[in-house]
Engineer: 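After the structure tokens below, expect a handful of questions from me.
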Amino acid sequence: MASTNFRPLHDRVVVRRIEAEEKTKGGIIIPDTAKEKPAEGEIIAVGSGVRDDKGNLVALDVKVGDRILFGKWSGTEVKLDGVDLLIMKEADIMGVIG
């Protein structure tokens, strides 16, 4: 994927969805209209973090390259450099895979 000049702010991350399988384990092809949007993705950019009550910068727990799970309706869909991406807050991330 081409690198982008977009940098998320504060506790936001940019996520690229990981596409769902087009076939079931039994070999049945799933049409596009029946596919659910996957709730799994890869982080491609992270913000610098948020400030605590004392003004100290608290870094995010996730990093570029992490595979994550997120809620079905999490984030805001955007298109950057012709690629569909999601921008979401770190709090919308349910966990890191692997």
Engineer: Which residue in the set V78, I44, L80 passes side chain to side chain contact (heavy atoms under 4.5 Å, CB included) when paired with F6?
Structural biologist: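 Single pass found, and it is L80.
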Engineer: Identify the heavy atoms of V46 and P8 that sit nearest to each other, and give their distance.
Structural biologist: C-CG, 3.5 Å
Engineer: Linking I/L/V/M/F/W/Y whenever any side-chain heavy atoms sit under 4.5 Å apart, do V96 and V15 land together?
Structural biologist: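 As far as the 4.5 Å side-chain criterion goes, V15 and V96 are connected within one cluster.
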Engineer: Measuring from D11:CG to L60:CG, what's the distance to the nearest 0.5 Å?
Structural biologist: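 The CG atom of L60 is 6.5 Å from CG of D11, to the nearest 0.5 Å.
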Engineer: Under 4.5 Å between side-chain heavy atoms, hopping through other hydrophobics if needed: is there a path connecting I93 to V50?
Structural biologist: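 In one cluster with I93: V50, no.
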Engineer: Among all residues two or more places apart in sequence or in another chain, which pass the salt bridge (Lys or Arg N to Asp or Glu O under 4.0 Å) test with D66?
Structural biologist: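 Partners of D66 by the salt bridge (Lys or Arg N to Asp or Glu O under 4.0 Å) criterion, ordered by chain and then number, come out as K63.
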Engineer: For the atom pair CD1 (I87) and CD (E77), what is the distance rounded to the nearest 0.5 Å?
Structural biologist: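 Spacing of CD1 (I87) from CD (E77) equals 11.0 Å.
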Engineer: For V13 and M88: C-alpha separation, side-chain torsions, deciding distance, then whether side-chain contact (heavy atoms from CB on, under 4.5 Å) applies.
Structural biologist: CA-CA 6 Å; V13 297; M88 66 180 70; 3.7 Å; yes
Engineer: Nearest 0.5 Å, please: how far is CD in E90 from CD1 in I43?
Structural biologist: 8.0 Å
Engineer: Find the distance between CG (D92) and OG1 (T76) and round it off to the nearest 0.5 Å.
Structural biologist: 9.0 Å
Engineer: Applying salt bridge (Lys or Arg N to Asp or Glu O under 4.0 Å), name anything that partners D53, two or more places apart in sequence or on another chain.
Structural biologist: none
Engineer: Shortest non-hydrogen contact from G75 to L86?
Structural biologist: C-CD2, 4.3 Å
Engineer: For the CG atom of L57 and the NE2 atom of H10, what is their distance to the nearest 0.5 Å?
Structural biologist: 10.5 Å
Engineer: Checking R67 now: which residues fulfil side chain to side chain donor-acceptor pair (under 3.5 Å) with it, not counting sequence neighbours?
Structural biologist: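 Residues passing side chain to side chain donor-acceptor pair (under 3.5 Å) with R67: E40.
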